[in-house]
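Presented below is the structure to which this report refers.
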Amino acid sequence: MRILLTTLNAKYIHVNLALRYLRACCRDLPHTFILDEFTINDHPEHIAAAIYRHRPDLVAFSCYIWNIEPTLAVAAILKKVRPELTILCGGPEVSFDTAAFLAQNPQIDLVITGEGEIPFRALLEQLAGQQRPPAAIPGLAWRRGAETIVNPPAPPLRDLDTIPFPYQEDLDAAGNELSQRTVYYETSRGCPFACGFCLSSTTEGLRYFSLERVRDDLERLLKAGVREIKFVDRTFNAHKKRALAIWEFLLSRRPRARFYFEIAGDRLDEEMLAHLKRVPPDLFQFEIGVQTIDAGVNARCNRRQDWARLAANTRRLREMGSIRLHLDLIAGLPGETYAGVGESFDAVAALKPHEIQLGFLKLLKGTSLRARADEFGYLFLDRPPYQVLASSAITYEEMLRLHAIEGLLKYYGNSHLADHAFAYLAATAFDGSYFAIYEALAAWWEARGLLRRGHSQRDLFNHLASFAIHLARGIATRVTTLPLPGYHDSILEINSHGDTPASGAENSGCTRNLTPAQLDRFYQLLKFDCLCRDRSRNFPGWMPPSPLTEEERSNWMARITTPRSMEKYMPGLAKESPANLRRHGFIELFPCHPERPEEDNPTIVFFYYGPPGSETRVYYLQAPPLVV
């Protein structure tokens, strides 16, 4: 038989681990296996056509909340054009309320619930002639005439090492693409926690692949040139000695890959933190699920978290500077108000992670929070992704505000587009609250219809420049020197939404309106952020004019490109020729050091852009005079 294993991934770079486990567990059976993956951005008609051309006898779909609806659309097309085709679904989205799922979707013939390795092999053994009735296959849901039968679940595999290495066929294939994609890998199954919103709470206990097996698998992947491995263990550091052993193994290989781990930040101890000091830059990324800092909300979710310890450990990791930190929050948790979400947001933002994810609670099938939805007054989508719309603690209007904040967080915070200007604005006008500045900016965008548009990088800078005027009163001008040719005379020229400096300031959400000096300092920092990103030198109208003449800029360039100056101030560019430095560099004088904007300390900044596609390198120099 021809067995097609398929799924619709969220992105092309992802690879589906579950399908590869199924293929590996059945590779000795007398079937032809085809693995073909698509994405949720592909049209169902095109996916169905590609599957049809494979001429399969059975199609097995891996189903999740993000792909179930287009998957069902593909299956419906296939059933119309090939009624005899057997269509099987498995995965978390069909493992609960399975009888109802089959009743609602006649195009699906079979469902496998829970972990699929045992039942899938048993089914294919039956299809290969080793007959057994469907009732004998654990975890299988099937039809007997008009009746739907859901067999008891398969027992969890106790010895995970019996599952073969899932990526062997990929590594053996001509033109192996794993080096260009994100490879998913697990060292364990299960979770030590039972959070009420997570599907991991539906299984008990933790099971592990042996360390020998893990090392062997990772060695194969690294030797094959895999560049990105995402560990899907729910809590990678649940077992301290195992986590340390795997980290030590990875460090010993000096890989050129990147590794992603989901960890519990409050379970790091001094030994683990000391070990992590040795991690070189850009090798590890940690995803830490904070979700909320409210102990009462956590208790309603059956979560245990030591926020003080998590925060302290995150600060330690941030100070090390080598591990990228991604911290998660969830809006809509039971009993948490809009203000409570804001408090959690500010607490996490104060830790200065590289990325904050503001997610929204989803009441997944099988979870305890879904079963308790009425208790907390939840209104939620009855179709995937089952996202919460409101609760007894938070209104729909407030959830909409949080969605707007999430969008701006992606535009500004997680992109680090204007970090210096944003931090200064938060400190001077919003008492240091990042949540308050995002809230005010979201309201400003909403009033101007900006939330429904696409935006270029230049647009985002211009919007932030214009928003700052909204926070100021009675400012006649922001410049004290005449602009150079090519600059506009006034920031008002970019203000295309009808604001004047004083209009709307009272309703902006800021705690203090900006003074003229603060507004000027803000624009200097926004100019710095823009120059870090934009090498075009086609400067926007809001940008303060340079205090340097072209002659002064040329003189500075000549002085800093001498060998002695390069060694002292810019050792990272020592191998670059003076011609390259002039071609790819730009010098500007700022009234403050961008990292210390509250101080008046004139600073020369050299921006080295390098060839197109390279990242900007920034060097701070003495100003004036430059001593060489």
Side-chain angles (χ1 to χ4, degrees), residues 17-18 21 62 64-66 90-93 95-96 113-117 139 153-161 163 184-211 213-214 229-247 259-269 272 284-293 295 297-307 309-310 313-314 325-330 333-334 357 359 361-372 385-386:
L17 178 58
Y21 275 144
S62 185
Y64 306 85
I65 57 172
W66 64 80
E93 182 51 28
S95 291
F96 303 91
T113 64
E115 294 182 11
E117 290 90 356
L157 276 168
R158 305 315 307 177
D159 183 4
L160 295 184
D161 281 3
I163 303 174
Y184 290 84
Y185 183 78
E186 64 180 354
T187 74
S188 64
R189 290 185 179 179
C191 183
F193 307 113
C195 302
F197 49 78
C198 181
L199 281 177
S200 294
S201 65
T202 63
T203 59
E204 294 184 5
L206 267 167
R207 292 163 288 147
Y208 297 98
F209 288 87
S210 69
L211 280 174
R213 163 65 186 273
V214 170
I229 297 177
K230 185 176 178 63
F231 289 80
V232 295
D233 305 66
R234 301 307 301 163
T235 306
F236 183 82
N237 60 327
H239 191 302
K240 171 183 168 179
K241 289 185 178 179
R242 280 179 57 88
L244 286 172
I246 294 169
W247 287 339
F259 305 95
Y260 299 79
F261 307 90
E262 291 186 36
I263 70 163
D266 54 353
R267 291 177 73 110
L268 297 173
D269 62 13
M272 300 180 92
F284 287 1
Q285 173 174 305
F286 285 168
E287 181 173 339
I288 300 174
V290 176
Q291 321 311 4
T292 178
I293 67 168
V297 174
N298 273 323
R300 294 182 200 105
C301 299
N302 196 33
R303 294 187 78 233
R304 302 188 306 275
Q305 178 175 273
D306 185 336
W307 163 247
R309 185 172 181 181
L310 186 155
N313 287 342
T314 302
L325 301 174
H326 171 118
L327 270 59
D328 292 338
L329 291 168
I330 296 179
L333 293 174
Q357 178 176 314
L361 180 63
K362 299 170 179 62
L363 296 186
L364 303 177
K365 294 179 182 179
T367 61
S368 63
L369 280 188
R370 183 171 177 127
R372 300 169 66 193
Y386 313 114

Within the distance-only criterion (no hydrogens, no angle test), does the side chain of [X] pair as donor or acceptor with the backbone N or O of [Y] below 3.5 angstrom?
X: Ser95; Y: Gly114; result: yes
X: Gln305; Y: Thr292; result: yes
X: Arg372; Y: Arg300; result: yes
X: Asn237; Y: Ala243; result: no
X: Arg207; Y: Gly190; result: no
X: Asp266; Y: Asp306; result: yes
X: Arg303; Y: Cys195; result: no

Would you name the heavy atoms of [X] and [Y] that are closest together and state the gap between them?
X: Pro92; Y: Leu199; result: CB-CD1, 3.5 Å
X: Pro385; Y: Ile65; result: CB-CD1, 4.0 Å
X: Pro334; Y: Val297; result: O-CG1, 3.7 Å
X: Ser188; Y: Phe209; result: N-CD1, 4.2 Å
X: Ile330; Y: Phe197; result: CD1-CE1, 3.9 Å

Are [X] and [Y] side-chain neighbours, meaning at least one heavy-atom pair lies under 4.5 Å?
X: Thr203; Y: Pro156; result: no
X: Ile163; Y: Arg189; result: yes
X: Glu117; Y: Leu157; result: yes
X: Lys365; Y: Tyr386; result: yes
X: Asp269; Y: Met272; result: yes

- prompt: Is the Phe286 ring parallel, tilted or perpendicular to the Phe261 ring (thresholds 30°, 60°)?
  reply: perpendicular

- request: Show the numbers, then the answer: is there a side-chain contact (heavy atoms from CB on, under 4.5 Å) between Phe259 and Tyr185?
  value: CA-CA 10 Å; Phe259 305 95; Tyr185 183 78; over 6 Å; no

- prompt: Within a reach of under 6.0 Å around CZ of Arg309, are more than 12 heavy atoms found that belong to other residues, nucleotides or ligands?
  reply: yes

- request: List the steps, then state whether side-chain contact (heavy atoms from CB on, under 4.5 Å) holds for Glu262 with Asp233.
  value: CA-CA 7 Å; Glu262 291 186 36; Asp233 305 66; over 6 Å; no

message: Quick check with a 6.0 Å cut-off and a 45 degree axis cone: is Arg242 positioned over the face of Phe231's six-membered ring?
response: no

task: Might you work through the side-chain contact (heavy atoms from CB on, under 4.5 Å) test for Leu361 and Leu369, ending with a clear yes or no?
output: CA-CA 10 Å; Leu361 180 63; Leu369 280 188; 4.3 Å; yes

- request: Go through the steps to decide whether Tyr64 and Ser62 satisfy the test side-chain hydrogen bond (donor to acceptor under 3.5 Å, both in side chains), and finish with yes or no.
  value: CA-CA 7 Å; Tyr64 306 85; Ser62 185; 3.0 Å; yes

message: Walk me through whether Leu333 and Cys301 qualify under side-chain contact (heavy atoms from CB on, under 4.5 Å).
response: CA-CA 8 Å; Leu333 293 174; Cys301 299; 4.0 Å; yes

